[in-house]
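We name chains A, B, ... by the order of the sequence lines, and we start the count at 1 in each one.
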Protein chains: 2
Amino acid sequence: MSVKPARPATRTDVARLAGVSTTVVSYVINDGPRRVTSRTRQRVLDAIERLGYRPNANARALKTGETGLIGMVVPEVVNAYFAEFIQALDRAAQTMGSSILLGITYEEAGREERAVRSLVDRGVDSLIYQVDLADQRLYQLGGGDLPRVLLDRSDVVPGMATVGADTEAGARAAVEHLVSHGHERIGYVGSPMAGRKVDLRRVVWDEVLREHGLPGVPPALTSWNREGGYRGARELMASDEPPTAIFAGSDLIGVGVLRALHELGMDVPGDVAVVSFDGTAESAYSWPPLTAVRQPFEEMARRALEVLSERGEAPGSSVFPMQLIVRGSCGCQG
Amino acid sequence: MSVKPARPATRTDVARLAGVSTTVVSYVINDGPRRVTSRTRQRVLDAIERLGYRPNANARALKTGETGLIGMVVPEVVNAYFAEFIQALDRAAQTMGSSILLGITYEEAGREERAVRSLVDRGVDSLIYQVDLADQRLYQLGGGDLPRVLLDRSDVVPGMATVGADTEAGARAAVEHLVSHGHERIGYVGSPMAGRKVDLRRVVWDEVLREHGLPGVPPALTSWNREGGYRGARELMASDEPPTAIFAGSDLIGVGVLRALHELGMDVPGDVAVVSFDGTAESAYSWPPLTAVRQPFEEMARRALEVLSERGEAPGSSVFPMQLIVRGSCGCQG
DNA sequence: TTGAAAGCGATACCAA
DNA sequence: TTGGTATCGCTTTCAA
């Protein structure tokens, strides 16, 4: 039976109703730091229930210096790759009573600093970077005491913990799979990386080709979205010796590639086979469904939160295996 | 030139360095409520700069009762339909110095209450519901004083402001477009709505068919995702008189429909034309690209924030027009 | 086991 | 125009 007060009940109201001091209310809410008789405890619990009392998170944050908020910096959310991480992180955070606060950069120079600063100013307890910030100094925003982790990122920031997928093995699995189908001209569609970062997918693709004595193919470097995949595939197919297989650097790219191939009247995987990178839901429903190497979203998210709570440890890096998911676009089921 | 203090600077540090009282610091930061000489003001500004001072959001929230956080309740984020709104809202909120705090329900009964409660407990200033909550009482969480708005929602909650798209006109445009192409058997793939809510898309589809004297077709009601679209189209195409056109209740459904049609060896739009609802980026890169009626995401987001700041007004409802985007799947370009 | 009280950082009333 | 100070709701030390 809860009574609706006009003004939200505070801890003082609870104390008064329970006939104890506010200190005791605090003790029962936090299960410490002092013990409370179970009788007293029950009285407090009853009062809380009757008043519908909920602790004021801001007051608590002010006092303890912890908000229970985890800042996550992402370039966008309309992209299943990031959205998958956001959800995985959110679920993991829920079990710890924390919440994810998003800082979206939109990959616009101006918004980048705003996004990160906003998180820091709001007092997040830690930060997860899922974006390559243009200005390295932004990684230091808020001072050195905030636990931070780089999640599945291409750039490396000295002294910062890292959680990522085994891109190298994943890319290798993808390309080797295409090779195993007998393809000899295998193209790659990706994007140039900002700064002088290297795209491991591209590097590995190149390596595998070399290892098998296959001819090199100029990579099509456009942008990390569907449009980029589309343009890249058009480019690749317009060459004198078009590839018979394409390794797409992301699912979105893969989808764009498929569209281009269809437009050209090519059969997938008959004329051109495709394997993509990421393995989000969208890849499963394209036509044909994309064979892809999948990111271990949940595992990485859980690990990221672990890393953040182990603050103080030496910044290490965790690597998780990717998994090849065979669907229709590679030719296995064709 | 900013000095990095070990401990973050507080307003007291600023006051000391500027040789003024903390009150004045407050005045210049908030531009009021009292005026400050421009000379004093400048001294304070300098001190802030030198110390790298940033106001503590929690302390401020405690004092003012406002956090600058807007709670947004969504079922998921790995779905461009919701992600588009999240981004649109985020951008709009940024211009007001507010942030969007997400409460993801995952459409799981248990998480629903947690998600909403977590937002309220964190002290959000207002709430945007983008999900049909199973338990209507959850809409009242946090008391009656929180401004709330329902964003593009199918259910109606008495006394709550609403911002939505003109689903009816949108659906009509979609179906009429198919009719204008000469189709006589037009199917619908959607999903049963929770509770006894009605799916306007389905109702309008039915209406339009009737108006044109076209034969009714049993709708395929599955679920609002790609898988649902797939199953729905299989179902529709397995009937004795399969449709020659399909109205898909969402982009995801549309994508699933396309996959099913391809699997059956049908040509789109040659054998079956498709028009979908929502118009997210994914619809533009399916094969063939989906003709769709598009949600006015940005406009609705902006309006939602306006409504929230007009607290106290009578709860009205804003409706925005949808736009038909013609691409390849309807037959216009075939 | 319980309570009084200091203090987290910021706001704004009331005086000066 | 500027400053002293009470206060927001909560945590926790110290004393009872």
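- Within the nucleic acid shown, A:V25 has no heavy atom closer than 4.0 Å to any nucleic acid atom.
- With rounding to whole Å, A:R39 atom CZ is found 9 Å from C:dT2 atom P.
- For the pair B:R114 and B:E108, the salt-bridge criterion is not met [side-chain N within less than 4.0 Å of a carboxylate O].
- Residues A:M300 and A:V163 share a closest heavy-atom pair of O-CG1, 3.6 Å.
- Contact annotation for B:T40: backbone-only contact, meaning every heavy-atom pair under 4.0 Å involves sugar-phosphate atoms and none involves a base.
- In this structure, B:R11 reaches the bases: a heavy-atom distance under 4.0 Å links it to at least one base atom across the strands shown.
- The nearest heavy atom of DNA chain D to B:L62 and to B:S21 marks one nucleotide each, and the one closer to the 5' end goes with B:S21.
- Taking atom CG of B:D13 as the reference point, atom C1' of C:dC8 lies 13 Å away to the nearest angstrom.
- Nearest-nucleotide assignment on DNA chain C puts the 5′-proximal partner with A:V20, out of B:T64 and A:V20.
- At a threshold of 4.0 angstrom between heavy atoms, the contacts of B:N30 are confined to the sugar-phosphate backbone, with no base atom among them.
- Where B:T23 and B:K63 meet DNA chain D, the nucleotide closest to each residue was compared, and B:T23 sits on the side nearer the 5' end.
- Within 4.0 Å of B:R34, counting heavy atoms only, lies at least one base atom of the nucleic acid.
- Counting to the nearest Å, the C1' atom of C:dA10 and the CG atom of B:D31 are 16 Å from each other.
- Counting only heavy atoms from C-beta outward, the side chains of A:V149 and A:Y129 never approach each other to under 4.5 Å.
- Residue A:S26 is classed as a base contact, given a heavy-atom separation below 4.0 Å to a base.
- Separating the CG atom of A:N58 from the P atom of C:dC8 is a distance of 18 Å, rounded to the nearest angstrom.
- Look at A:T37 and you'll find a side-chain N or O under 4.0 angstrom from OP1 or OP2 of C:dT2.
- Going from atom CD of A:E66 over to atom C1' of D:dC10 covers 14 Å, rounded to whole Å.
- Here the C1' atom of nucleotide D:dG9 and the CG atom of B:N56 are 14 Å apart, to the nearest Å.
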Please assess A:R303 against A:S318 for the test side chain to side chain donor-acceptor pair (under 3.5 Å), listing each intermediate value before the final yes or no. CA-CA 8 Å; A:R303 180 79 190 113; A:S318 311; 2.8 Å; yes
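- The interatomic distance linking A:R35 (CZ) with D:dT12 (P) rounds to 17 Å, in whole Å.
- Of the candidate nucleotides C:dA5, D:dG3, D:dC14, D:dG3 has the atom nearest to the side chain of B:Y27.
- Taking the charged nitrogens against the carboxylate oxygens, B:D13 and B:R16 do have a contact shorter than 4.0 Å, which makes a salt bridge.
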